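First up is the structure itself, then whatever we jot down about it.
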Amino acid sequence: MKNPSPAVDRTRLLATIERLAPRMTEILSEFVAAPSLSGAEQPAADFFEGALTELGLESERIVLDSSLIEGMPLFSCPCDPDNGRYNLLARHLPRMGGGRSVLFNGHIDVVPTGPEALWTRPPYVPWVKDGWLHGRGAGDMKGGLVCALIAYQALREMGLQPAGTVGFNAVLDEENTGNGTLATVHALQNALGKAKLSDFDAVLIPEPFGETLMRAQVGVCWLFIDITGRPAHVAYMSKGVNPIEAGIAIMADLKALEAEWNAPERRHPLFRDVEHPLNFNLGRIEGGEWNSSVPCTCRLGIRFGFFPGTTAEEATLQVTQRIRATAARLDADLTVEINARGHFSPGCEYELDAPPLRMLAEAHEKITGAAPKPLACTATTDGRHFALMTDIPVTVYGPLARNIHGIDEAVSLDSMKRVAATMAQFMADWCGVEPLD
Ligand SMILES: [Zn+2]
């Protein structure tokens, strides 16, 4: 490996990022305006492909084919058909080379907006106020992907380019399953496309966790619980069995299990100081037919967290046993069918001592004047694929956002500038730079 190239002038880098700030806002606004619910990401894929092309980067399409990845350990049962959907993997290849490489991996899908009336402005009509860009996906995580593009563009505006391979992997289906990144890892491992796993010796996931460096994340699983009771006229309610009331009781017992798992003595050491690390969420409920009928059915959609070191199978088994025990206690006539669909995602730890991650922390310190804080994250990210399935050092590092998955989601533009500058500094330090073609 050649010696890394001379240091990039930091004053000039920061001035370049500042000059690119209006462009950064413009790209992110157009990206947010391209709706991309999990399962329907095409508008955002089209936009991102264009943004990569503008930077001279050609994208390879990695098609999500569940039949190729369903045997892999991190596969989650899909919530949507594959429908020919694809990730975009673009690579910058150095002219002279000899530098080390990095892959930026981010998801383009977003979660549902909820009622538009709750938003100050429509969720796919981005607006800027007080330095925050609002809109669904602005923070989670189109902003982070745009930071990576601006970082790369900044080096180019300075007449430089990375002296190692830099990959940009924009994936689908992170919010439901993580199968998008799994498809890319599978393709890279099996050299199914132009890019190979050995092309990359560091991975950064620019999820919006406020410029922290992630050192661990919880596991996350979803379950769908279909409860069938015994319908009856409410005048003779005692003859019926109410599955909606059973669902409420099941959730109450799951909250007791959540408290057990969060107990101080049962905590994973990296989560000891985290307030309530494991969250059990009743995210959806459907059921019933008529106000004056004891209902027939109820469906719950739940999400639960668990600590790294526990497998998704073990966690799901314990939750399933608790659900069945509650149903049996309530009424022998209740039928409960439980399906694991969506996230089946174990937790993981990140080795922040690995050379590229130490260098990322140093780059952050060069730009901001302070070391980044480590984060034990109470959500899942696609970092787990690389942490659990490859030897490539990986962490999560991205801008400050607020109200992600909520109303009036927004990302801080100042934070995006700092993250873009840190990423450019990191590419210069880790990959080295060479004169632009
Ligand atoms: Zn995200």
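Each ligand, and each atom within it, is numbered from 1 in the order the structure gives. Reckoned from all heavy atoms, side chains included, excluding hydrogens, waters and symmetry mates. Given the structure is predicted, the values throughout are model-derived calculations rather than measurements.
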Which atom of Val218 lies closest to which atom of Pro277, heavy atoms considered:
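That closest heavy-atom pairing would be CG1-O, 4.1 Å.
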So, of the N/O/S atoms that Asp140 has, which is the nearest one to the Zn ion (ligand 1)?
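This turns out to be OD1.
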Testing the 3.5 Å rule here: is there a donor-acceptor pair between the side chains of Asn279 and Thr378?
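Judged by distance alone, the side chains do not pair up.
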Just by distance, do the side chain of Glu258 and the backbone of Phe280 share a donor-acceptor pair under 3.5 Å?
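Side chain of Glu258 to backbone of Phe280: a pair is present.
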Please determine if the Zn ion (ligand 1) has an N/O/S atom from Glu174 lying under 2.8 Å away.
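Of the N, O and S atoms in Glu174, none lies under 2.8 Å from the Zn ion (ligand 1), which means no.
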Give a rough value, rounded to 10 degrees, for the angle at the Zn ion (ligand 1) between atoms NE2 of His107 and OE2 of Glu207.
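It is 90°, given to the nearest 10°.
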Name the residue from Gln42, Lys142, Arg136, Glu41 that meets the side chain to side chain donor-acceptor pair (under 3.5 Å) definition with Ser36.
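With Ser36 as partner, side chain to side chain donor-acceptor pair (under 3.5 Å) holds for just one option, Lys142.
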